[in-house]
Amino acid sequence: MVIMTEQTASQVSWPFREAQRVAERLQAKAKKSALFETGYGPSGLPHIGTFGEVARTSWVRRAFTELTGLPSRLLAFSDDMDGLRKVPDNVPNRDMLKEFIGRPLTRVPDPFGTHESFGAHNNARLRAFLDAFGFDYEFASSSDYYAAGKFDAALRHVLARHEEIVQIIRPTLGPERRASYSPILPLHPRTGVVMQVPIEQVDVEHGTVTWTDPDSGVRFETAVTGGAAKLQWKADWAMRWAALDVDYEMSGKDLIDSVKLSSAIVQALGAEPPVCLTYELFLDEHGQKISKSKGNGLSVEQWLTYAPPESLAQFMYHAPQRAKRLFFDVIPRAADEYIANVAALAGSDDPHANPAWHIHGGVMPEQAGSPIGFGMLLNLASVINADSAAMLWGFIRAYMPDASPESSPLLARLVEYAVAYNRDFVAPKKHFRPASALERDALRDLAASLRDGVDSYPGEGLAERLQNLVYAVGKRHAFTPLKAWFDCLYQVLLGQTEGPRFGGFIALYGVARTVELIEGALARGDMAAA
RNA sequence: GAGCCUGUAGCUCAGUGGUAGAGCAUUCGACUUUUAAUCGAAUGGCCGUGGGUUCGACCCCCACCGGGCUCACCA
């Protein structure tokens with residue numbers, strides 16, 4: 001076991017602090033490898049919190065490797081043996097599902113018809129989601145583990161400590177549940193439903209429980225092993241910790257009580273709970289809780305439409321134990337923080353303290369950074385009304401001749417995101433004011449002049465000749481001051497009060513398209529007048 | 001009822017014992033045949049309140065006030 005030096009012990013980065021706790025746990029148990037776990041409930045399709053949990057756990061795992069050099073695994077554990085509690089409203093074939101309420105998800109037909117069970121379908125979605133980010137993990141199915149007998153020894157142990165476990169959980173329950181509670185949930189031998197019934201008899205020697213079907217009155221003796229029964233949630237978690245010897249698991253603060261109780265149960269089983277971290281939940285823009293029905297959350301898909309995955313990781317990295325508002329405006333900031341961290345990493349004497357190091361698993365890609373910040377890029381996209389990456393690149397090169405997609409792959413991606421951001425959030429809010437009579441004449445003149453060509457105008461490049469053309473048109477009409485002519489162009493054509501040098505804009509936007517832009521604005525004016 | 005987070009510039013937020021920070025906003029300036037992504041500068045804080053620890057507290061401890069969330073059925 002590697003003992004931390006003073007330098008590493010003073011790490012200010014939380015993944016290393018967590019990794020240190022894991023290292024101490026292993027040292028105490030004389031273990032030679034670490035097991036990290038993340039869990040998924042049956043109701044959950046993967047969402048932004050799923051990403052956060054797996055990313056954060058992966059960072060702790062990576063830090064653990066750095067710290068100790070010991071091997072480790074990350075188990076993504078799906079609670080797919082849980083009973084279907086209610087029919088989700090976002091799936092097809094809901095009537096069909098009604099008949100399977102209460103049965104383990106892996107024994108409910110897939111309403112989408114693409115997998116052998118609903119559980120398998122959700123598992124596939126989860127794996128595809130995790131794979132899309134390139135997470136290194138092993139998938140585990142609760143149903144498989146139960147059926148394969150991987151929990152059998154632990155389940156018998158639970159049976160032996162049945163009363164003790166009941167005593168731990170019972171005080172936390174309401175009067176109704178208190179009467180019937182058992183950590184053992186036998187599967188009904190005929191219907192397959194996960195039964196929440198009083199356990200009348202516990203036979204430790206044979207590994208069975210006896211219970212009565214409330215509907216038929218028939219008594220059953222069911223084995224707790226081999227997938228004939230499963231455990232109630234908190235006991236299930238504890239049993240899994242014990243059976244697999246899980247070393248690390250983080251969870252949201254909504255599970256604080258569960259962590260407490262499961263830890264008590266695992267100790268009743270004679271084992272030690274893993275190192276646990278409780279993270280804060282996300283709030284919306286107004287500090288309110290995020291609920292799917294209100295739709296005030298921000299989805300992974302939304303985030304990744306407007307900024308790179310690294311920025312989402314950056315957001316998740318910072319202070320997991322503090323409540324953060326998760327809404328649209330945090331995206332550009334997260335992207336810029338990431339870019340700044342990449343830049344800072346180059347000359348850093350303590351890379352472990354830098355989020356970018358963690359985000360990239362300690363191996364930075366070539367040319368990871370961007371010479372231009374995302375905020376600036378968004379601003380630029382807005383100012384020039386960029387509707388294509390090529391147009392944005394044109395202006396970037398004017399500012400930074402050496403920049404190219406090849407020399408800065410991140411910038412190339414950011415450009416695409418900035419165009420999307422402008423398209424969806426900036427462009428729709430533009431206010432195009434109608435042109436006055438004077439301005440209409442001048443705009444017609446401008447369109448006609450553009451059609452005639454720029455060859456007669458002075459200047460070295462196309463942009464400069466176009467600029468002189470625009471200027472000449474303005475002078476032919478009675479604008480006072482001439483600035484009013486340019487104000488007209490921005491306000492009438494681009495829907496904003498300020499804008500780029502217009503010749504450069506036309507050169508990049510295209511002469512023909514600019515003419516269309518002018519004709520469109522004039523047509524809008526006609527409609528308003530009519 | 002139990003627990004967790006939070007209060008720092010106008011706004012959004014960094015900052016865990018050693019001279020209060022960033023972005024945005026505001027104002028001024030530079031560049032500009034009108035402008036502009038840009039660059040420079042300025043303005044702006046009893047760090048929620050009151051105690052305590054310390055040579056020294058935004059930071060650690062206690063109390064209070066304000067804002068918010070979670071759990072008490074299931075997972």
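All values below were derived from every heavy atom in this structure, side-chain atoms included, with hydrogens, water molecules and symmetry-related copies excluded. Below, read A as the first sequence line, B as the second, and so on, with proteins coming before strands; counting in each chain starts at 1. The structure displayed is predicted, hence computed values, not measured ones.
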The single option from S78(A), S117(A), S142(A) passing side chain to side chain contact (heavy atoms under 4.5 Å, CB included) against T106(A): S117(A)
Rounded distance in Å - [atom1] ([X]) to [atom2] ([N]):
X: D254(A); N: rA75(B); atom1: CG; atom2: C1'; result: 10 Å
X: E280(A); N: rG7(B); atom1: CD; atom2: P; result: 12 Å
X: L446(A); N: rU34(B); atom1: CG; atom2: P; result: 18 Å
X: K86(A); N: rC73(B); atom1: NZ; atom2: P; result: 17 Å
X: M239(A); N: rA75(B); atom1: CE; atom2: P; result: 13 Å
X: D257(A); N: rG3(B); atom1: CG; atom2: P; result: 10 Å
X: F486(A); N: rU34(B); atom1: CZ; atom2: C1'; result: 4 Å
X: R177(A); N: rA75(B); atom1: CZ; atom2: C1'; result: 12 Å

Which part of the nucleic acid, if any, lies within contact of [X], taking any heavy atom under 4.0 Å across all strands shown: a base, the sugar-phosphate backbone alone, or nothing?
X: W233(A); value: base
X: L482(A); value: nothing
X: L255(A); value: base

Closest-nucleotide 5' rank along RNA chain B - winner of T172(A) and K475(A): K475(A)
Could you give the distance separating [M] and [N] at their [atom1] atoms, to the nearest angstrom?
N: rC60(B); M: rG17(B); atom1: P; value: 8 Å
N: rG48(B); M: rU43(B); atom1: P; value: 23 Å
N: rC61(B); M: rU53(B); atom1: P; value: 15 Å
N: rG7(B); M: rC13(B); atom1: C1'; value: 12 Å
N: rA9(B); M: rC59(B); atom1: P; value: 15 Å
N: rC47(B); M: rA41(B); atom1: C1'; value: 26 Å
N: rC55(B); M: rG15(B); atom1: C1'; value: 23 Å
N: rU8(B); M: rA14(B); atom1: P; value: 11 Å

Indicate yes or no: does [X] engage [Y] in a salt bridge with an N to O separation below 4.0 Å.
X: D82(A); Y: K230(A); result: yes
X: R322(A); Y: E280(A); result: no
X: R444(A); Y: E439(A); result: no
X: R413(A); Y: E416(A); result: no

Identity of whatever pairs with [N] - Watson-Crick or G-U, under 3.5 angstrom:
N: rA63(B); result: rU49(B)
N: rG44(B); result: none
N: rU38(B); result: rA30(B)
N: rG1(B); result: rC71(B)
N: rA22(B); result: rU12(B)

Return the polar atom pairs (N/O with N/O) between nucleotides 13-15 of chain B and the protein under 3.5 Å, or none.
{"from": "rC13(B)", "atom 1": "OP2", "to": "R325(A)", "atom 2": "NH2", "distance (Å)": "2.7"}
{"from": "rC13(B)", "atom 1": "O2'", "to": "R333(A)", "atom 2": "NH2", "distance (Å)": "2.7"}
{"from": "rA14(B)", "atom 1": "OP2", "to": "R322(A)", "atom 2": "NH2", "distance (Å)": "3.3"}
{"from": "rG15(B)", "atom 1": "OP2", "to": "R322(A)", "atom 2": "NH1", "distance (Å)": "3.0"}

Trace of the side-chain hydrogen bond (donor to acceptor under 3.5 Å, both in side chains) decision for W303(A) with S311(A): CA-CA 9 Å; W303(A) 187 299; S311(A) 64; 2.9 Å; yes
NZ or CZ of R513(A) within 45° of Y509(A) ring axis and under 6.0 Å: yes
NZ or CZ of R325(A) within 45° of F282(A) ring axis and under 6.0 Å: no
Quiz item: Q467(A) side-chain donor-acceptor pair to rU34(B) base, under 3.5 Å: yes
hbond_proxy K253(A) side chain to rC69(B) base (donor-acceptor, 3.5 Å cutoff): yes
Between the protein and nucleotides 36-38 of chain B, are there any N/O to N/O pairs under 3.5 Å, and if so, what are the atom names and distances?
{"from": "rA36(B)", "atom 1": "OP1", "to": "E498(A)", "atom 2": "OE2", "distance (Å)": "3.1"}
{"from": "rA36(B)", "atom 1": "O4'", "to": "G499(A)", "atom 2": "O", "distance (Å)": "3.0"}
{"from": "rA37(B)", "atom 1": "O2'", "to": "M376(A)", "atom 2": "O", "distance (Å)": "3.2"}

Side-chain heavy atoms of P186(A) within contact of I199(A), under 4.5 Å: yes
Audit row: Y338(A), F315(A), ring-ring contact (aromatic ring centres under 6.0 Å, His included) steps and yes/no: CA-CA 9 Å; Y338(A) 167 74; F315(A) 180 80; over 10 Å; no
Side-chain N,O (Q232(A)) to OP1/OP2 (rA75(B)) below 4.0 Å: yes
Among K475(A), R440(A), R476(A), the one residue meeting salt bridge (charged side-chain N to carboxylate O under 4.0 Å, His left out) with D445(A): R476(A)
Side chain to side chain contact (heavy atoms under 4.5 Å, CB included) partners of R397(A), counting only residues at least two apart: W393(A), P405(A)
